[in-house]
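Since the structure comes first, as structure tokens, the remarks are kept for the end.
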Amino acid sequence: MALSRDWMYENNGGTCVAIAGADYCVVAADTRLSIGYSIYTRDYSKICKLTEKCVLASSGFQGDIKALQKNLAAKHLIYQHQHNKQMSCPAMAQLLSNTLYFKRFFPYYAFNVLGGLDNEGKGCVFTYDAVGSYERVGYSAQGSGSTLVMPILDNQLKSPSPLLLPARDAVTPLSEADAVDMVKDVFASATERDIYTGDKLEIVILNASGVRREFMDLRKD
Amino acid sequence: MGDSQYSFSLTTFSPSGKLVQIEHALTAVGSGQTSLGIKAANGVVIATEKKLPSILVDETSVQKIQLMTTNIGVVYSGMGPDSRVLVRKSRKQAQQYYRLYKEPIPVTQLVRETAAVMQEFTQSGGVRPFGVSLLVAGYDDNGPQLYQVDPSGSYFAWKASAMGKNVSNAKTFLEKRYTDDMELDDAVHTAILTLKEGFEGQISGKNIEIGIIGADRKFRVLTPAEIDDYLAEVE
């Protein structure tokens, strides 16, 4: 649907995933930008670094997403001027929630996943809806391929219920390398069946040593 | 007072470059009851005289030292009602900060915002400056902190400070007694001794108020019984 006065949104597609570990966080998104059944570009980053410890990946209407990223970056700059330090990831999570709800009656068409390191250095992932409802989780997927990705992540990463008898151990902690491999696998799978996901995968890894970026090719069809 | 012909309007400076209303506000503060604060190595103490206008006043209903947040407390010298308005505004600002960042507001940020409010009232039409100076005591990730905020909106961090009637004697006393490695209990004793210096009449748990905050980051006002215990230790 083209932009007009009564429909001001577009969906540019794409999938975003994040996985939190004991001392790292992996945030990944494909780089395809679509409209309808066409591709605008195969090389568009949906991932934005907000602070040294906090990265935002968003899928949906990239026009709104660009505005949202600018909004958050500006608020973060003011915070740095006033506090003489960067915002923590949980604080940025709350700020994003408030920023989204502020436009409750004309929402940002953005489906966000925020990933980073919390105040103790542990990985954290926050997942959002379009109007700011959020929750801290161990892993999440948003976007056009999220329904294909989430069941796989649940199968691999979900903790067994504490109500089970006999009691089962919590999931063994995932290493950073295993998390990156898992992300590559789920994207390869999502690319097979979701037409809006593909071209290239961008992976951002945050840990105590800083921020690292990796790329992987995906199917271009 | 050669400047008085300019003191009817806040938006004009007097020829000497002063904002006379602010000078008057500081005079109001200077004639208020003495209050003081001391920053220790592991906490902060603030204290004030609580002289009531008559023995018929129910002193248990009066509380001059108040909480701005669970880890920040405040005492004033000057006009009580003005202080209540500021405390109210500051509490709201602290809560708004929490709603935005889900983190308790740092002491420096709350002091800055409170000071900004006080400055607004020196530059807006139809209002007068607040007739109080505040001593803000808090404990956050940067440790124990003590700030003084004046009617002009300027604020300073102090290791120890006093305001109100007996300010010069009290400050001299504090300068002699203050050490950087004081513990909170020592600071409370020193605060009591400083109040005692200029106190008219018999000092007791009923006519002074003391608030403390330690490494537990919970600001609380001492009960009269606890104050009496400290007084006994001092004597």
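Convention: sequence-line order gives letters A, B, ...; per-chain numbering from 1. The basis for the numbers below is simple: all heavy atoms, side chains too, and nothing from hydrogens, waters or symmetry mates. Model, not experiment: these values are computed from the prediction.
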CG (Asn142(B)) and CG (Asn84(A)) are apart, to the nearest 0.5 Å, by 10.0 Å

Which value, rounded to the nearest 0.5 Å, describes the distance between Met92(A) atom CE and Tyr101(B) atom OH?
-> 8.5 Å

[X] [atom1]: over 12 foreign heavy atoms closer than 6.0 Å:
X         : atom1 : answer
Lys171(B) : NZ    : yes
Lys39(B)  : NZ    : yes
Lys75(A)  : NZ    : yes
Lys184(A) : NZ    : yes

Validation row: Glu103(B), Ser88(A) side chains within 4.5 angstrom (heavy atoms) = yes

Quick check, are the ring centers of His83(A) and Tyr97(B) under 6.0 angstrom apart?
-> yes

Show your reasoning for whether side-chain contact (heavy atoms from CB on, under 4.5 Å) applies to Arg99(B) and Asn98(A).
-> CA-CA 8 Å; Arg99(B) 192 165 50 76; Asn98(A) 284 358; 4.3 Å; yes

What closest approach, in Å, do Gln109(B) and Gln82(A) show between heavy atoms, and which atom pair accounts for it?
-> NE2-O, 2.8 Å

In terms of heavy-atom proximity below 4.5 Å to chain B, should Met87(A) be classed as side chain, backbone, both, or neither?
-> side chain

